[in-house]
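Reminder, nothing fancy here: chain letters follow the sequence lines and each chain counts from 1. Computation of the quantities below employed the complete heavy-atom set of this structure, encompassing side-chain atoms and omitting hydrogens, waters and symmetry-equivalent molecules. Just so it is clear, the model here is predicted, and its values are computed rather than measured.
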Amino acid sequence: MAIAEKIPAPQSALSHNEKNFRPSVVEKDLYDWWERSGFFRPPETDDGRRFVMMLPLPNVTGDLHLGHALGFGGYEDVMARWHRMLGDATLYMSGTDHAGIIAQIVVEKELAKEGITKDRGLTREQFLAEMWKWMDFYRPRIEQQLRMLGCSLDWSRPNFTMEPSKQRAVRTHFIRLYKKGLLYREGRIVHWCLTCQTTYSDLEAKHVERTDALYYVRYPWAEEGSNRPDVVIATTRPETILADVAIAVHPDDARWKPLIGQEVLVPVVERRVRIITDEAVDPAFGTGALKITPGHDQTDFEIGQRHGLPVLTVIGKDGRMLPAAGALAGLDRDRARTDMIDRLRKSGLLVKEEPLAHALGVHDRCGTVDEPLVLPQWWVRMKPLAGPAIEAVRSGRVRIIPEFQERIYFEWMQNVRDWAVSRQIWWGHEIPVWFCRDCDEVVVPDEDGPDPKRCTKCASDDLRKDPDVLDTWFSSALWPFTTLGWPDRTPDLARFYPGSTLETGYDIIFFWVARMIVMGIFEMGDIPFDTVYLHGLVKTQGEKMSKSTGNVVSPVEYIQEWGADALRFALVLDTAAGMDTELSEAKLINARNFGNKLWNIGRFVLRQLETYPDAMADRAIDERPARELADAERWILSRTEWATAEASRLLEGHLFGEYVHFLQQFVWGEVADAYLELSKAGLRDDRRRAGTVRTLAYVLDRVLRLLHPITPFITETLALQLWRGRRTARGETSLVLARWPAAGPRDTKLEERLGLALDVVRAARALRQDAGIDPGERIRVALSGATGDVAASLDAIATLTNADVTIGKGTGPAKIVRAVEVRIEAKRDVAAERARLERELADAREALRRSEELLARPGFAEKAPKAVVEKERARLEERRAQVRLLEEELGRL
RNA sequence: GGGCAACUAGCUCAGCUGGUCAGAGCGUCUCCCUUACAAGGAGAAGGUCGCUGGUUCGAGCCCAGCGUUGCCCACCA
């Protein structure tokens with residue numbers, strides 16, 4: 001760090017002579033400087049105040065999308081930068097995910113373009129070498145995009161889920177789970193993807209609505225008998241009839257009770273199967289009789305397990321009927337279906353068919369219809385692991401924001417099922433398991449042990465390694481500690497685990513968040529983070545986005561057009577935790593315009609500093625001016641302290657959208673629109689000038705600090721110009737490491753007073769516009785009524801209204817503000833004014849009535865807090881005065 | 001079949017766990033190129049906070065029910 005600080009800040013390509021802020025010319029230089037200077041690395045030592053947040057590892061393949069931009073460049077970087085400024089040792093950890101099947105699909109497509117396919121003899125080793133080549137191509141790309149967003153990630157701690165150290169971690173983790181009996185291999189029904197040629201977990205199975213034919217099929221009685229009704233079942237998958245092993249009915253179904261235990265013949269194959277009962281059967285569906293096919297259906301498999309039924313498999317991994325399918329062998333599953341229907345029809349067993357709208361399971365990666373198969377797979381036993389993870393959230397040790405997501409978490413965790421973690425693809429973490437070809441023993445080495453050479457049971461050296469790899473989420477679940485060097489006991493691990501906050505999209509709460517909590521507790525004995533902040537989805541379809549004809553627009557394009565600051569600002573502004581948001585062009589324009597407003601505030605202040613260099617002398621920029629200050633200066637200083645407190649409070653409360661909104665209102669509405677205008681009078685006044693310049697500098701410095709977390713580039717650009725040749729109290733050289741301000745004392749009386757004065761200004765401006773007076777023309781304003789609080793602010797009112805302001809009665813058109821009568825000297829349009837005043841009087845009377853009613857209400861004075869009652873009384877008085885003034889004015893007209 | 005969320009100005013959304021709470025941006029209307037900014041400034045119009053009850057001195061904010069929309073979970077063949 002000491003060395004790093006010596007790197008000089010970049011000479012900004014943007015001078016403050018430019019009227020518009022141009023992000024593209026400063027962003028890269030600043031980021032390079034920040035990164036090379038090591039600003040994003042946590043300090044070597046700390047006092048225990050730390051902030052640790054892991055990047056939700058993006059997939060190396062593909063580009064970032066707007067959801068990433070919101071999470072990474074929005075919430076996460078805001079938190080990281082804010083905590084860094086607070087002085088917390090901040091680690092915002094970088095890293096990328098190997099993305100398992102997604103990456104394999106992407107690379108397979110790329111390779112196919114070059115005519116390279118697995119069919120043409122590409123070996124596993126060759127394929128993996130190709131994968132790594134592509135990883136090296138994609139990774140810098142995604143990392144570059146993170147830099148473009150401005151994310152203050154610690155790049156000196158790189159992480160990639162497939163790097164050797166992570167492979168060792170995954171191996172260790174797998175073996176530990178196995179040795180503790182939490183990982184087992186078993187032949188159970190799993191989702192099989194015919195396209196991807198792999199199994200997948202329940203979470204990766206999506207459901208799509210589809211209408212298919214529902215076939216009613218008669219199963220003949222095995223024994224001749226009389227007067228028995230036909231057994232008819234309903235199925236959408238007649239091709240699986242060949243693997244039927246039973247017929248099930250609900251135990252309480254009166255229609256079937258007499259027939260339970262009797263046998264029917266499975267059509268075509270003529271197998272005798274028994275009629276059994278199971279609670280899982282819905283008597284209301286179809287005929288109430290369900291054909292049981294444990295080999296090809298989830299429900300049936302479970303029913304089969306309960307009743308000790310055999311598993312028959314007639315469909316292979318390629319989707320073709322197996323030899324066991326007899327006459328249908330070799331047909332693919334769709335052909336087999338039509339073929340089966342033909343046969344049933346011919347034999348008179350097809351009773352009828354009708355359309356059925358139902359949810360069909362598909363693989364979320366490719367949309368291929370699920371083919372449930374019974375295959376030996378590795379499973380993580382989730383139930384015992386889930387308990388402590390549920391307790392961690394229930395007890396509040398892990399807090400999920402928004403809170404309603406906690407219920408969703410509990411719901412899933414309480415009903416969690418075992419997790420199928422093996423995948424039949426090549427790209428992924430190896431499974432550290434060997435099978436003995438001689439005795440079928442499963443050989444798993446010790447966690448630090450070498451690959452086994454001999455069977456631990458029969459000593460055979462004919463071992464076969466499990467060719468499967470692990471679900472990509474298996475390694476992601478370890479992210480909070482593998483990034484810190486686990487399983488080694490590294491200094492980073494000791495220092496930065498458990499982490500602080502995990503920010504990610506709510507769509508992966510089960511895939512990732514829940515599993516991190518589970519595995520963090522299992523491996524580390526402690527929760528991985530204490531706060532989970534979940535953001536919503538970003539959509540772009542609602543409004544006409546200039547470039548979004550397609551759905552996916554890369555944040556890069558937005559950054560190039562609007563700048564990273566504007567994108568971040570637009571994404572976070574007015575969002576609430578967990579809510580989906582719409583990024584509209586209107587929001588981007590607003591954000592860009594706000595940046596420009598800030599830029600121009602900066603230009604104005606910098607110009608004053610250059611024009612009046614003596615004002616600062618050798619004072620620190622961020623030293624709060626105290627002496628020789630007029631009301632205007634004392635007012636904006638007080639408001640700035642308020643803004644500091646407010647911004648801090650909103651960030652502490654994770655109210656990021658409000659934080660951005662608030663600062664926009666404050667900077668634009670109060671600093672720019674009100675104070676900068678007031679300061680112009682101060683700059684013209686020899687006695688006020690020095691104080692005004694110092695105030696401008698101080699307020700700008702504060703504003704830049706408060707905004708830096710959301711708009712790092714423009715604030716740094718201005719801070720470097722503001723501080724160049726001057727100094728801050730701490731001698732800061734970059735906003736990245738600058739101190740987040742603590743709120744100083746306020747003068748609320750003064751704020752109140754000036755607040756009223758600004759209301760008076762608005763009234764006077766409205767009056768002069770109504771009267772059609774040219775904005776350049778200086779007018780006279782007279783104030784009467786309850787002028788006690790505005791009397792001291794006449795200068796400010798005069799400045800902002802371009803008027804001479806006096807206390808006393810005037811003759812022109814009037815407006816009543818609170819209990820102050822504002823009158824300008826101008827010709828009156830009596831009719832229009834009467835109409836307006838009558839409207840205002842009606843409103844005022846209504847307000848007065850409500851005040852009176854509230855105060856008169858039984859119980860209010862006794863039960864409401866004193867402060868509330870007092871406030872209401874004061875308001876009542878003011879409203880009385882207001883009504884009186886309006887009535888008088890109308891009387892005069 | 002369960003569960004969750006949303007419903008606030010024409011549009012997009014805030015409203016921080018009951019007491020200026022009726023807001024912002026965009027859009028609309030009027031005026032203004034005032035030496036930081038026309039990517040700007042000033043002013044104005046615009047909402048009985050989905051509906052119905054309830055709790056409370058007091059409710060967009062809490063409770064109950066209903067309606068509409070969206071999402072999640074689930075073994076309905």
Side-chain angles (χ1 to χ4, degrees), chain A residues 16 19-21 189 202 207 214 233-237 240 248 280-282 284-286 289-293 297-303 356 358-359 402-405 407-408 411-412 415 506-507 509-510 536-537 542-543 570 573-587 589-608 649-650 653-655 657-659 661-662 664-665 672-673 676-677 680 761-762 765-770 772-776 800-802 847 854-855 857-865 867-869 871-872 875:
Chain A
H16 60 265
K19 290 164 87 168
N20 295 328
F21 179 63
I189 197 147
D202 294 334
H207 296 272
L214 179 68
I233 60 88
T235 181
T236 54
R237 298 204 64 192
T240 65
V281 180
D282 177 2
F285 188 90
L290 174 65
K291 75 186 199 66
I292 301 301
T293 321
D297 183 274
Q298 174 88 31
T299 310
D300 294 3
F301 181 80
E302 286 165 17
I303 292 173
L356 173 75
H358 66 317
E403 203 178 302
F404 73 80
Q405 291 285 358
R407 291 190 60 169
I408 293 168
E411 182 78 16
W412 187 76
N415 300 305
Y506 66 71
D507 52 327
I509 184 169
F510 308 138
L537 276 36
E543 288 189 32
L573 176 69
D574 276 345
T575 56
M579 294 297 109
D580 293 348
T581 55
E582 178 96 13
L583 180 66
S584 61
E585 185 158 26
K587 274 191 143 185
I589 291 170
N590 171 251
R592 190 264 323 261
N593 292 356
F594 175 73
N596 205 52
K597 177 58 71 171
L598 180 64
W599 174 247
N600 277 287
I601 292 170
R603 291 175 64 211
F604 179 79
V605 175
L606 290 166
R607 185 172 299 178
Q608 308 317 321
R649 187 183 68 84
L650 293 168
H654 297 90
L655 300 163
E658 286 284 303
Y659 151 79
H661 176 93
F662 168 76
Q664 172 168 341
Q665 295 305 309
D673 291 345
L676 252 56
E677 294 309 318
K680 288 172 183 173
V761 165
R762 205 161 297 122
R765 283 169 172 170
L767 284 171
R768 65 182 292 163
Q769 185 159 319
D770 279 355
I773 297 167
D774 189 278
L800 296 178
T801 53
N802 188 24
L854 180 59
L855 279 161
R857 200 176 272 149
F860 175 71
E862 299 84 71
K863 295 191 179 175
V868 173
V869 178
K871 214 175 186 177
E872 198 53 41
R875 201 179 299 161

If you restrict it to nitrogen or oxygen atoms, what contacts under 3.5 Å exist between nucleotides 59-69 of chain B and the protein, and what is each distance?
none

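- One atom, CG of D507(A), and another, P of rC73(B), lie 10 Å apart when rounded to the nearest Å.
- Between F21(A) and W599(A), the ring-plane angle classifies as tilted under the 30° and 60° cut-offs.
- Using a 4.5 Å heavy-atom threshold, the side chains of L214(A) and H358(A) count as separate.
- Between the side chain of N596(A) and the backbone N or O of R592(A) there is no donor-acceptor pair closer than 3.5 Å.
- Between Y659(A) atom OH and rC13(B) atom P the separation is 23 Å, expressed in whole Å.
- Applying the side chain to side chain donor-acceptor pair (under 3.5 Å) criterion to D574(A), with sequence neighbours excluded, gives H661(A).
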Provide a list of protein-nucleic acid N or O atom pairs under 3.5 angstrom, restricted to nucleotides 33-37 of chain B.
unit_1: rA36(B); atom_1: OP1; unit_2: K680(A); atom_2: NZ; d: 3.3
unit_1: rA36(B); atom_1: O2'; unit_2: N600(A); atom_2: OD1; d: 2.3
unit_1: rA36(B); atom_1: O2'; unit_2: R603(A); atom_2: NH1; d: 2.9
unit_1: rA36(B); atom_1: N7; unit_2: K680(A); atom_2: NZ; d: 3.4
unit_1: rA36(B); atom_1: N6; unit_2: A672(A); atom_2: O; d: 3.3
unit_1: rA36(B); atom_1: N6; unit_2: E677(A); atom_2: OE2; d: 2.9
unit_1: rA36(B); atom_1: N3; unit_2: N600(A); atom_2: O; d: 3.4
unit_1: rC37(B); atom_1: O4'; unit_2: N600(A); atom_2: OD1; d: 2.7
unit_1: rC37(B); atom_1: O4'; unit_2: N600(A); atom_2: ND2; d: 3.2
unit_1: rC37(B); atom_1: O2'; unit_2: N596(A); atom_2: ND2; d: 3.3
unit_1: rC37(B); atom_1: O2; unit_2: K597(A); atom_2: NZ; d: 2.7
unit_1: rC37(B); atom_1: N3; unit_2: K597(A); atom_2: NZ; d: 2.7

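- At distances below 3.5 Å, not a single donor-acceptor pair connects side-chain atoms of N590(A) with backbone N or O atoms of A570(A).
- rG15(B) sits 10 Å from rA24(B) when the C1' atoms are compared, rounded to a whole Å.
- Rounded to the nearest Å, the gap between the P atom of rC63(B) and that of rC26(B) is 35 Å.
- Atom P of nucleotide rA39(B) and atom CD of Q664(A) are separated by 17 Å, given to the nearest angstrom.
- Under the rule for a side chain to side chain donor-acceptor pair (under 3.5 Å), R407(A) has no partner lying at least two apart in sequence or in another chain.
- Each of R237(A) and F21(A) has a nearest nucleotide on RNA chain B; the 5'-most of these lies closest to F21(A).
- Residue A864(A) is classed as a base contact, given a heavy-atom separation below 4.0 Å to a base.
- In this structure, Y506(A) places its OH atom 11 Å from C1' of rA6(B), rounding to the nearest Å.
- Phosphate proximity of rA39(B) to R592(A): absent, as no side-chain N or O sits under 4.0 Å from OP1 or OP2.
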Task: Nucleotide-level pairing of RNA chain B, given in dot-bracket where Watson-Crick and G-U pairs need both distances under 3.5 Å and | marks other strands - done: (((((((..((((.....[...)))).(((((.......))))).....(((((..]....))))))))))))....
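- Residue R762(A) places its side chain closer to rA44(B) than to any other of rA44(B), rG25(B), rG19(B).
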If you restrict it to nitrogen or oxygen atoms, what contacts under 3.5 Å exist between nucleotides 27-30 of chain B and the protein, and what is each distance?
unit_1: rU30(B); atom_1: O2; unit_2: Q769(A); atom_2: NE2; d: 2.7

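- A straight line from CZ of R857(A) to P of rG58(B) spans 6 Å, rounded to a whole angstrom.
- Ranking rA77(B), rG43(B), rC4(B) by closeness to the R765(A) side chain, first place goes to rG43(B).
- Judged by distance alone, with hydrogens and angles left aside, the side-chain atoms of R768(A) form a donor-acceptor pair with the main-chain N or O of D774(A) at under 3.5 Å.
- Base orientation at rG60(B) is syn, since its O4'-C1' glycosidic dihedral falls within 90° of 0.
- Toward the 5' end of RNA chain B, the nearer of the two residues L650(A) and V281(A), judged by each one's closest nucleotide, is L650(A).
- Summarising the geometry of Y506(A) relative to G536(A), their closest heavy-atom pair is CE2-CA, 3.4 Å, with the distance given to 0.1 Å.
- rA44(B) and rC7(B) have their C1' atoms separated by 29 Å, given to the nearest Å.
- Going from atom NE2 of H661(A) over to atom P of rC26(B) covers 12 Å, rounded to whole Å.
- Among all heavy-atom pairs drawn from K291(A) and R237(A), the shortest one is CE-O, 3.9 Å.
- rG46(B) sits 9 Å from rU28(B) when the C1' atoms are compared, rounded to a whole Å.
- Within 4.0 Å (heavy atoms only), P402(A) reaches no atom of the nucleic acid at all.
- Here, rG47(B) and rC21(B) have their C1' atoms 13 Å apart, quoted to the whole Å.
- Taking atom P on both nucleotides, rA9(B) is separated from rC51(B) by 11 Å, rounded to a whole Å.
- Contact detail for K19(A) and R603(A): the closest heavy-atom pair is CA-NH1, 3.2 Å.
- A pairwise comparison of heavy atoms in L356(A) and T236(A) identifies CD2-CG2, 3.8 Å as the closest pair.
- In the set rC75(B), rU12(B), rA77(B), the nucleotide with an atom closest to the side chain of T236(A) is rA77(B).
- Which of rA5(B), rC76(B), rG43(B) sits closest to the side chain of F285(A) comes down to rC76(B).
- Listed for the Q769(A) side chain is no donor-acceptor partner under 3.5 Å among the backbone atoms of A766(A).
- When all heavy atoms of F594(A) and Q664(A) are compared, the closest pair comes out as CE1-CA, 3.7 Å.
- Here H654(A) lies out of heavy-atom contact (under 4.0 Å) with every strand.
- In this structure, L854(A) atom CG and rU20(B) atom C1' are separated by 12 Å, rounded to whole Å.
- A234(A) comes within 4.0 angstrom of a nucleotide base, judged by non-hydrogen atoms across all strands.
- Distance I509(A) CD1 to rC72(B) P: 14 Å, rounded to the nearest Å.
- With C1' as the reference atom, rU34(B) and rG41(B) are 8 Å apart, rounded to whole Å.
- Considering CZ of R762(A) and OG1 of T801(A), their distance stands at 12.5 Å, rounded to 0.5 Å.
- In plain terms, the two heavy atoms of I601(A) and A672(A) that are nearest each other are CD1-CB, 3.8 Å.
- For the atom pair CG (D673(A)) and CD (Q665(A)), the distance works out to 10.0 Å, reported to the nearest 0.5 Å.
- Taking atom P in both rA77(B) and rC16(B), the straight-line distance is 43 Å, to the nearest Å.
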